[in-house]
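Everything numeric in this text was worked out from a predicted model, so none of it was measured.
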Amino acid sequence: MILFYIISVFVLVIWILTFIKGMMELSRNTHLIPIADSKYRPKISIIIPARNEEKRIGYLLKSIEMQRYENFEVIVVDDNSEDNTFLIASSFGEKIKNLRVIKSAFRYGWCGKNAALVSGFNEIASDSEWVLFIDADCELKENALVTISDFVFKNSL
């Protein structure tokens, strides 16, 4: 019985130390910081599979509209939604240049998100260098595309 208590106290101490370390990590600035002098801006194709996302797709597209990155395209793939996902996504056509909203193509043996991702991938521009798959219920921070581009470019040198 004493061995049980010793092991329990040991596990508790390890858990407390791990918790304290995690709290200290939260206080640090762990966000990626853009590299101001980088001029490399690859074309990014953003593919968004969406099924019945009328309540969320607008927030994501608004966050994409606010990006300060210029060289990208957006492909929203409506995966047979039963709501207004297609209409809401299409309404951003005037706000986001290079936005296309398509219906997921039917492929025998394919269904759901996988089929939507493949449909979107098949629509990317020939000069696209990077592909970003993002779910419709996400949002991008203001400089997300610049930060990603700069961070990947810096770490690929």
>> Suppose we screen for side-chain hydrogen bond (donor to acceptor under 3.5 Å, both in side chains). Which residues come up paired with Lys95, at least two apart in sequence or across chains?
In response: none
> Is any side-chain heavy atom of Asp83 closer than 4.5 Å to a side-chain heavy atom of Ile88?
Replying inline: no
>> Could you measure the distance from the CG atom of Asn98 to the CD1 atom of Ile75? Nearest 0.5 Å is fine.
In response: 10.0 Å
> Shortest non-hydrogen contact from Asp135 to Ile48?
Replying inline: C-CG2, 4.4 Å
>> For Asp79, give me all partners under side-chain hydrogen bond (donor to acceptor under 3.5 Å, both in side chains), at least two apart in sequence or on another chain.
In response: none
> Does Phe10 belong to the same Ile/Leu/Val/Met/Phe/Trp/Tyr cluster as Tyr5, with side-chain heavy atoms less than 4.5 Å apart forming each link?
Replying inline: no
> Looking only at heavy atoms, which two atoms of Ile134 and Pro49 are closest? And how far apart?
Replying inline: O-CD, 3.5 Å
> With sequence neighbours left out, which residue pairs that include part of residues 56-67 fulfil the salt bridge (Lys or Arg N to Asp or Glu O under 4.0 Å) condition?
Replying inline: Glu53-Arg56, Lys62-Glu65
>> Can you give me the closest heavy-atom contact between Cys138 and Leu60, atom names plus distance?
In response: O-CB, 3.1 Å
> Linking I/L/V/M/F/W/Y whenever any side-chain heavy atoms sit under 4.5 Å apart, do Ile16 and Phe19 land together?
Replying inline: yes
> Same cluster for Val131 and Leu117 if Ile/Leu/Val/Met/Phe/Trp/Tyr side chains link at under 4.5 Å?
Replying inline: yes
> Looking at OG of Ser63 and CD of Glu142, how far apart are the two atoms once the value is rounded to the nearest 0.5 Å?
Replying inline: 11.0 Å
>> Quick check: closest heavy atoms across Glu73 and Arg100, and the distance to 0.1 Å?
In response: OE1-NH2, 2.7 Å
> Do you know the tightest heavy-atom contact between Leu145 and Ile44?
Replying inline: CD2-CD1, 4.2 Å
>> Apply side-chain contact (heavy atoms from CB on, under 4.5 Å) to residues Phe92 and Val74 and explain how you reach the verdict.
In response: CA-CA 11 Å; Phe92 281 82; Val74 180; over 6 Å; no
> Can you name the nearest heavy-atom pair linking Ser128 to Lys43, along with the distance?
Replying inline: OG-O, 3.6 Å
> Do you reckon Ile148 sits in the same ILVMFWY cluster as Val146, going by side-chain contacts under 4.5 Å, direct or chained?
Replying inline: yes
>> So, using side-chain hydrogen bond (donor to acceptor under 3.5 Å, both in side chains) as the criterion, who are the partners of Gln67 when residues are at least two apart?
In response: none
> So how far is it from Ile102 CD1 to Ser104 OG, rounded to the nearest 0.5 Å?
Replying inline: 7.5 Å
> Going from CD1 on Ile124 to CD1 on Ile46, what distance comes out if it is rounded to the nearest 0.5 angstrom?
Replying inline: 12.5 Å
> Can you name the one residue among Val76, Ile96, Leu99 that meets side-chain contact (heavy atoms from CB on, under 4.5 Å) with Ile64?
Replying inline: Ile96
> If you measure from OH on Tyr59 to CG on Leu140, what distance do you get to the nearest 0.5 Å?
Replying inline: 15.5 Å
> Between Phe72 and Tyr69, how do the two ring planes meet: parallel, tilted or perpendicular, split at 30° and 60°?
Replying inline: tilted
> Roughly how far, to the nearest 0.5 Å, is the CG atom of Leu3 from the CD1 atom of Ile7?
Replying inline: 4.0 Å
>> Among residues at least two apart in sequence or on other chains, which ones pass side-chain contact (heavy atoms from CB on, under 4.5 Å) with Lys103?
In response: Asp78, Phe86
>> Once side-chain hydrogen bond (donor to acceptor under 3.5 Å, both in side chains) is applied, do any residues pair with Asn80, and if so which ones, sequence neighbours excluded?
In response: none
> Do the side chains of Asn143 and Arg68 get nearer than 4.5 Å, heavy atoms only?
Replying inline: yes
> Charged N to carboxylate O below 4.0 Å: is that the case for Glu70 and Arg41?
Replying inline: no
